[in-house]
J.: 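Mind having a look at this structure? Questions to follow.
Residues: numbered from 1 along the sequence shown. Every number for a ligand or one of its atoms is a count from 1 in the order of the listing. Values below: every heavy atom of this structure, side chains too, minus hydrogens, waters and symmetry copies.
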Amino acid sequence: MEDRLIFEKSREGHCGCALPGLDVPAKKVAEMIPAEMLRETEPALPEIGEVEAVRHFVNLSHKNIGVDTNFYPLGSCTMKYNPKINETLAVLPGLLRLHPYQPEELSQGMLELMYLLGEYLKEISGMPAITLQPAAGAHGELAGVLMMRAYHLDRGENRTKMLIPDSAHGTNPASTAICGFKPVEVKSDDRGNVDLDDLRTKCDEDTVGLMLTIPSTLGLFDEGLPEIAKILHDKGSLLYMDGANLNAIMGILRPGDAGVDVMHFNLHKTFSTPHGMGGPGSGPVAVAAHMADFLPVPMVAKTGDGYHLDYEVPKTIGRVKTFYGNVNVMVKAFAYILSLGPEGVRRVSEVAVLNANYLMEKLKKLYFLKYDRRCMHEFVLSGSRQLKESGVRTLDISKRLLDLGFHPPTNYFPLIVDEALMVEPTENESRETLDSFVEALAQIARESESEPETVKSAPRNMPVRRLDEVRAAKQPVMRWKP
Ligand SMILES: *Cc1c(COP(=O)(O)O)cnc(C)c1O
């Protein structure tokens, strides 16, 4: 595979199409378009034949690793397979060509779809009210925390601090800070649960709430959940659930029954929308009854046989997204839930948890496992043994996995596990695939002992070796200069 840009492949006069001869009088562009609208220099477009253009882009696509090409156990991200039928349904002309300014009476099908999706998510979460507006998980957090703020202010309380476990995703403190609150870290205990004594000490009448990922980013179900909810509620604080890991508990535990006051969904994770390249996503937020008055407007509502957009939410935080959210992602999530049904949704979580435990049991013989207990849909290994014995780091192990045909797990997160390798297999993978992943990690463990340089210099057979990721972020080259 060669690395030339399409601009470098350009040859004067090459062209991707053959137009028939002109059968009308020729006219200069300048005679038809006002001068101020004409560009002064020709655009620097590549000149290239059709077959070269096809090969160029197909070859580029093969340089990438994705769920459709390789096992992709990227913890916390739920890189599950996205059934192709969802894509087909999302581009049905009646859905695709719908304009957001089209009147409600001509958008009844889409409104019904959004309404029903909301009903399904309410059922799955055990929460009575929902908005589909936020564009992704982090945006859902923002909407959720704004509602928590509105809730406290409405009760005449000006609380200032948000509790966040030390295992949390970085978006949690970020959303907190954007809303003007102070994030306060809560420790984990030696089983990976929230340290209840630390929580009791830090939770007081100034506490907005706790942002808890369920199950946690350690892949563990917090054994103290009922007590956590009680500690918060006793102080008038709220329990926010980061729902990015919902894939572990669907159809088994309803967060609303566990005392959750607000939660977000990541439809693109749990409900199968491609999201490897950064979107679009969708982050609905469900709330308990005492928070329903603060939901963003408009809400999708049902009246008799029809559906409409309801702007009459008494104490709404306002609108958080133009129009109604990323509806194409909602269509995919709707199709996914409908095709599975209630039994299937539960089965997703059961198999996701089973797959993770199967892998964990095999891999803990090779790599250090800090929290050695039943995991949920993911678990966090550590490369600390390899680092200590042969100087091989988790980053090296991950790069070596690329050579062996696997997308690496999440690296160096959560922060409370040294040299973290966070593995989330998802429900989609066959036992053969899981076994081959174990074999690859076993090979890397052996190589780390016998030939550590092989691991440290990986990847060896990828289109690129080690990139300077910091420089790529700080000095991106976005423009081709001839
Ligand atoms: C992915 C993730 C988020 C952020 O969600 P986005 O949809 O990427 O904005 C928040 N928390 C956890 C635990 C996550 O895994």
J.: Between His264 and ligand 1, is there a nitrogen or oxygen pair with a distance under 3.5 Å?
T.: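 Among all N and O atoms of His264, none is under 3.5 Å from an N or O of ligand 1.
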J.: In terms of relative ring orientation, are Phe294 and Tyr151 parallel, tilted or perpendicular, with 30° and 60° separating the classes?
T.: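 Perpendicular, since the angle between the ring planes exceeds 60°.
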J.: Compute the shortest N/O to N/O distance between Ala136 and ligand 1 and return yes if it is under 3.5 Å, no if not.
T.: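 In fact, backbone or side chain, Ala136 has no N or O that close.
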J.: Using the side-chain contact (heavy atoms from CB on, under 4.5 Å) definition, which of the options Asp435, Leu434, Asn357 pairs with Lys362?
T.: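 One option only clears the test, and that one is Asp435.
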J.: Can a side-chain donor-acceptor contact be found between Asp261 and His290 if the only test is distance below 3.5 angstrom?
T.: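 Distance-only check passes for His290 and Asp261.
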J.: In terms of residue, atom name and distance, what is the protein heavy atom nearest to atom 6 (P) of ligand 1?
T.: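 Atom 6 (P) of ligand 1 sits closest to the protein heavy atom Gly137 N, 3.5 Å.
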J.: Angle between ring planes, Phe271 versus Phe265, binned at 30° and 60°: parallel, tilted or perpendicular?
T.: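 Correct class here is tilted.
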J.: If I apply the N/O under 3.5 Å rule, does His268 come out as touching ligand 1?
T.: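 For ligand 1, there is an N or O atom that lies under 3.5 Å from one belonging to His268.
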J.: Only one of Tyr358, Phe71, Tyr72 clears ring pair (Phe, Tyr, Trp, His ring centres under 6.0 Å) with Phe437; which?
T.: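 The single option meeting the ring pair (Phe, Tyr, Trp, His ring centres under 6.0 Å) with Phe437 is Phe71.
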J.: Step by step, would you call Asp396 with Arg466 a salt bridge (charged side-chain N to carboxylate O under 4.0 Å, His left out)?
T.: CA-CA 10 Å; Asp396 305 322; Arg466 297 267 171 129; 3.0 Å; yes
J.: With a 3.5 Å cut-off and no angle check, do the side chains of Ser272 and Asn86 form a donor-acceptor pair?
T.: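 There is such a pair between these side chains.
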J.: Contact between His139 and ligand 1, counting heavy atoms under 4.0 Å?
T.: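 So His139 does not count as touching ligand 1.
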J.: For Glu141, state whether at least one heavy atom is located under 4.0 Å from any atom of ligand 1.
T.: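 Right, Glu141 reaches ligand 1.
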J.: With a cut-off of 4.0 Å, which atoms of ligand 1 are near a heavy atom of Asn266?
T.: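 Listed by number with element, the hits are 5 (O), 6 (P), 7 (O).
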J.: Give yes if a backbone or side-chain nitrogen or oxygen of Ala244 is under 3.5 Å from a nitrogen or oxygen of ligand 1, and no if not.
T.: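 It does not: no N or O of Ala244 is found under 3.5 Å from an N or O of ligand 1.
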J.: Looking at Tyr371 versus Phe379, is the centre-to-centre ring distance below 6.0 Å?
T.: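 Between Phe379 and Tyr371, which both carry aromatic rings, the centre distance is not below 6.0 Å.
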J.: Tell me, with the steps shown, if Glu223 and Arg373 meet salt bridge (charged side-chain N to carboxylate O under 4.0 Å, His left out).
T.: CA-CA 12 Å; Glu223 295 156 313; Arg373 51 180 265 216; 3.6 Å; yes
J.: When you compare ligand 1 with Ser76, is there at least one nitrogen or oxygen pair between them that comes in under 3.5 angstrom?
T.: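 N/O-N/O distance under 3.5 Å: yes.
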J.: Any nitrogen or oxygen of Lys269 lying under 3.5 Å from a nitrogen or oxygen in ligand 1? Just yes or no.
T.: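 Such a contact does occur with ligand 1.
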J.: Name the closest protein heavy atom to atom 10 (C) of ligand 1, giving the residue it belongs to and the distance to 0.1 Å.
T.: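 The protein heavy atom lying closest is Thr171 OG1, 3.2 Å.
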J.: At less than 4.0 angstrom from any non-hydrogen atom of Ala138, what atoms of ligand 1 do you find?
T.: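 So the answer, numbered in order with elements, is 4 (C), 5 (O), 6 (P), 9 (O).
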J.: Given Asp242, Thr410, Thr217, identify the one with the heavy atom nearest to atom 11 (N) of ligand 1.
T.: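 Among Asp242, Thr410, Thr217, the closest heavy atom to atom 11 (N) of ligand 1 comes from Asp242.
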J.: Can you find an N/O atom of Thr213 closer than 3.5 Å to an N/O atom of ligand 1?
T.: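 N/O-N/O distance under 3.5 Å: no.
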